[in-house]
2 protein chains.
Amino acid sequence: MKTRDKIIHASIELFNEQGERNITTNHIAAHLGISPGNLYYHFRNKEDIISAIYAEYADDLISQFQRLSDTENPLDSILQYMDIVFQLISKFRFFYSNLPVLLSKNPSLKKRYSEIQREIIKKVSSMLVSLKEAEILNIREEELDDLTCLLRITTTFWLSYLQTQHDEPKIDDAALYQGLMKIFALLSPYVTDSAREDFEKARGHYRELEQQAAESAVTA
Amino acid sequence: MKTRDKIIHASIELFNEQGERNITTNHIAAHLGISPGNLYYHFRNKEDIISAIYAEYADDLISQFQRLSDTENPLDSILQYMDIVFQLISKFRFFYSNLPVLLSKNPSLKKRYSEIQREIIKKVSSMLVSLKEAEILNIREEELDDLTCLLRITTTFWLSYLQTQHDEPKIDDAALYQGLMKIFALLSPYVTDSAREDFEKARGHYRELEQQAAESAVTA
DNA sequence: AATCTTTTTGAGTATTTACTTTAAGCGCGT
DNA sequence: ACGCGCTTAAAGTAAATACTCAAAAAGATT
């Protein structure tokens, strides 16, 4: 691996573990056994590292979305989609734990964040429309924006919420599935009678996955 | 006003405006025209100031809740309650913009935060139960915890969400009413037919308030 | 007025932190 | 072997920052 990539990955790791604020460029260099000068050969400054991390996040997001199997079932689509979003937020959780502060410090980062968010809004909205057209959800036109917004707040801040709840927040697969269960809870009141059975089946499936993940976390 | 209180209030103001991270103890002292030594006579360190701010927040919260008019109408109750919560979060928004980071840095603060959150969960749950018993909301027992959680995530992170959305986030009354509208959106699918009319009336009322606030913000 | 306590000053310090600079090492084509 | 460009090292530095301390000022008490 190139030094530049090693710096990026060590930074993600250290930031997630100890918080971006508590990790200096010297820490990162020491962790990798390289000199600070070397780090600054590859990056102009710390902000530059964070921007590079965000670029990696954005690349991940796009490539994962493209890999998203083009299923016939719109319910599966949105669940797969939410799964990806939760996993990416988990991988870059230092960023989301600190979202307003990191964005306000770095206007160009905020711009790129906004662009990607706009894509996400479009995607979520169109998925909800698909669900409505497939008569899986019964959403009125004027409810669509609010529901999109609530879905986004829940996904974006789910891990932050967990971190405020527990003393030693363990961000594992079980935590992500718990977040997915909140997505089910949000959609549940809108599910049509005809789709209820499938919906509850999918919900039960993810509930099982959550419990399996919780158990394997305990034994591990 | 005593110096200690002046320090607390200047800190809240500066933290909200420029972020806790960008404000040093020397800044606070300079802003007040006092010496750093004086500041450190009243507070052991910066964390101590943040803890004192949180104490003020907690006091505000408790006194506001006690002042909450003991209305017969459970719908009014939860709306008044949410209004208070949004206003307090706005007043201490630097804290919520940074919640996971600030809490993880300060275990004793996290403990106090958790205690207060436990009270809030109890209160929100009991309000939802009242709404169910008054046949305003049609919530099943097993849906209650999820809905409580979603209400809490939405209120806690509403301002953080807004800050990530706009380039120059203006946190005014209109922004808070928009948050309240999301609470309506969350509850709406559960509203019973018999209560629908009252619910939509209240919703329309707050929508008007939001628009008035938005207009007066433009003219101001 | 004298004494004691509380508050405030302001110059200072130890440490941290982001970042620089100069020079050396390394791979590689010729 | 030599030169060239890319990469790395090591030793820094300037600025910021949280915090201290001895002494002065202000206020209270008798």
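All chains are named by letter (A, B, ...) in the order of the sequence lines, taking the proteins before the strands, and each is independently numbered beginning at 1.
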- line: Counting primed atoms, P, OP1 and OP2 as sugar-phosphate and everything else as base, the B/S/- map of nucleotides 18-24 of chain C against protein heavy atoms under 4.0 Å is BBBB---
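Side-chain contact of A:R152 with B:Q165: a donor-acceptor pair under 3.5 Å is present, judged by distance alone. Side-chain contact, B:S108 with B:N106: a donor N or O sits under 3.5 Å from an acceptor N or O.
When every heavy atom of B:S114 is checked against every heavy atom of A:T164, the shortest pair comes out as OG-O, 4.4 Å. Nearest heavy atoms, A:L39 versus A:I7: CA-CD1, 3.9 Å. For the pair A:F94 and A:N16, the tightest heavy-atom approach, listed with the atom from each and the gap, is N-OD1, 2.8 Å.
Rounded to an integer number of Å, the gap from B:I28 CD1 to D:dC19 P is 11 Å. Per the geometry, CD1 belonging to B:I50 stands 10 Å off P belonging to D:dA18, to the nearest Å. The interatomic distance linking B:E20 (CD) with D:dT17 (P) rounds to 12 Å, in whole Å. Taking atom OH on B:Y41 and atom P on D:dA25, their separation rounds to 18 Å, with Å as the unit. Straight-line distance from the CG atom of B:N22 to the P atom of D:dA16: 13 Å, rounded to whole Å. Between the P atom of D:dC19 and the NE2 atom of B:H27 lies a distance of 15 Å, rounded to the nearest Å.
In this structure, A:L39 reaches neither bases nor backbone, as no heavy-atom distance under 4.0 Å exists between it and the strands shown.
For B:H42 and C:dT8, the shortest distance from a side-chain N or O to OP1 or OP2 is below 4.0 Å. The phosphate of C:dT9 has OP1 or OP2 within less than 4.0 Å of a side-chain N or O from B:S35.
Aromatic pair A:Y81/A:F65: centroids less than 6.0 angstrom apart.
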